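Just so we're clear, the structure is a prediction, and the values are computed from it rather than from any experiment. Residue numbering restarts at 1 for every chain, and letters A, B, ... go by the order of the sequence lines. Scope of the values below: all heavy atoms of this structure, side chains included, with no hydrogens, waters or symmetry mates.
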Amino acid sequence: MEIDQQKALKTLMRAQALLNAQDITVLPRVAQVQLLAAQRATYQEIQAQQVRKMAERNGDYVMVSHGLKTGESGFRAIHDWARSAAQTGAAVDGLLRGLSLLLMLF
Amino acid sequence: MKAFRIRTGRLSCLLLVSAGVFLSGCASGPDPQLARDVRLFSNNVRDLAKIIDAQFDLAELANRRALQANINLQFDLGGRPKVVLPLLFSSEIRQVRRVLLDNLRRYADGLVSAYSIEEQSDVQPAPVSIPVSLQSVSLSAAPDLGALAAAGPEQAARLIRSLNGLSALVFYPRRDRELAKITAQLHPYIVRMVALLFLDLGEAEDKKTSCKSVLPAISGKETILELRLCRGGVRFLMMQAIGSLVISGNARLQLTGSLPQMKRSARADIINHIYATEQAGRLLEQMMRETQRALIMLVAAHEALVNSFARKYGFSWTALRLMRDQQPGGVTANLVQQVTRLRRQLVDIQSYFKLQLSEDIYGN
């Protein structure tokens, strides 16, 4: 699959190079427009193919995002300990405020 | 017997506390250097996330202009092209990357909030006192008293001013060990995230003969810098967009004489625009390569944080050796320097891009 994509990209880029090498000034007006249309189509196909490859990694991004969220339980524990420390007379208000706000976002 | 000894040890420490001797012995507050590194890490994570997101925006802009330049020229030549300007990136592609960067930012903010130094107490020191009774601190809640002998007098004094006594002895060690655990547990995700973003930024040209741009397994043997990528990702997309703009610009230049609606004086403008477009592409390519370096530095800075927490708070962990020949110090400073440079570059490049790739160029 991966190799097929690489082959497709190579073919597309060869086509692109041929189109770009064409001297537009020697062509009749209709062919000039056709050349530009072909250049646009090739360009868009190359871009779309590359973006598809990036989209294939969306699942990995979701997985890693989820992994980074696992820190939440640890921060929550620290928050709870800070709260009980505060109840026994300690001044951890700043830390408590910061963590409370943050945990609302997780 | 052993339990009895531990219990006795804790009791004697508490007795020392009650006598006020613990000022020089039983507790340790946040380490100022580590707290500073945590804050710098968090600030730079935020900046780097913005820089990466902005690069996707610039690639989107360049793609749009490339399509517009081609379509405009087709119209000028009498063609009737379809005017469809689809977005380069789907909203899902952008969204999953933004969510990841948001989660990273939240994690970094969490470290800052949890490992904060109570600054206000330095301004107005409270009298040294022990406001809680010994009974309110259960022994089971104070498992770390014996390990708190490392605090210097200054640290101990700050601790007393900020947390007012005994609860600090319970709270700080538990917090510090928990942070050591969180940072170590999340490090593999940071590495994986950096590898993903590194691949996303990609390569403008193939770097090896047999190309597979799949994400490599993190075996610990290779380094991220050794990833030899195939062309692809945002750097390649950007190079294609700039290439397409230049092709359209050159075609327009060659056709100047034959296009009735084009004045000969426009020739100089087109040449300038082609040059400026190429220049914009070069600048952005350079910036994206530097962003990839910053990502590597981000892993190094996080690894240094994990090491510091683990060393200070007795948490054992094994680093993924993705970073080879790491300097023990200075990794956070390297990240700060690199991200600061990138932040400045981004402002320049954004304004250059918006100016040079503005709507009225290459047509109309």
>> Distance alone, cut at 3.5 Å: any donor-acceptor contact between the side chains of B:Q240 and A:Q50?
In response: no

> A:T70 versus B:Q185: any side-chain heavy-atom pair under 4.5 Å?
Replying inline: no

> Under 4.5 Å between any side-chain heavy atoms of B:I93 and A:Y61, yes or no?
Replying inline: no

> At a heavy-atom separation under 4.5 Å, does B:A66 approach chain A through its side chain, its backbone, both, or neither?
Replying inline: side chain

> Which atoms of B:L104 come close to chain A, meaning under 4.5 Å heavy atom to heavy atom: side chain ones, backbone ones, both, or neither?
Replying inline: both

Which portion of [X] sits near chain B, non-hydrogen atoms under 4.5 angstrom:
| X | answer |
| --- | --- |
| A:Q44 | side chain |
| A:L35 | neither |
| A:Q16 | side chain |

Roughly how far apart are [X] [atom1] and [Y] [atom2], rounded to 0.5 Å?
| X | Y | atom1 | atom2 | result |
| --- | --- | --- | --- | --- |
| B:I247 | A:L36 | CD1 | CG | 10.0 Å |
| B:L77 | A:I24 | CG | CD1 | 6.0 Å |
| A:Q49 | B:F236 | CD | CZ | 8.0 Å |
| B:Q95 | A:S65 | CD | OG | 10.0 Å |
| A:Q32 | B:D76 | CD | CG | 11.5 Å |
| A:Q47 | B:N63 | CD | CG | 5.5 Å |

> Given the options B:A241, B:G78, B:G243, which has more heavy-atom pairs under 4.5 Å with chain A than any of the others?
Replying inline: B:A241

> For chain A, which of B:L101, B:V234, B:L111 has the most heavy-atom pairs under 4.5 Å?
Replying inline: B:L111

>> Can you confirm whether more than 12 heavy atoms, excluding those of B:E92, are under 6.0 Å from its CD atom?
In response: no

> Would you say B:R98 has more than 12 foreign heavy atoms packed within less than 6.0 Å of its CZ?
Replying inline: yes

Nearest heavy atoms of [X] and [Y], plus distance in Å:
| X | Y | result |
| --- | --- | --- |
| A:R57 | B:L199 | NH2-O, 3.4 Å |
| B:N70 | A:Q39 | ND2-CB, 4.3 Å |
| B:V84 | A:R40 | O-NH2, 3.4 Å |

> If you count heavy-atom pairs under 4.5 Å between each of A:H66, A:Q34, A:M13, A:M63 and chain B, which one has the most?
Replying inline: A:M13

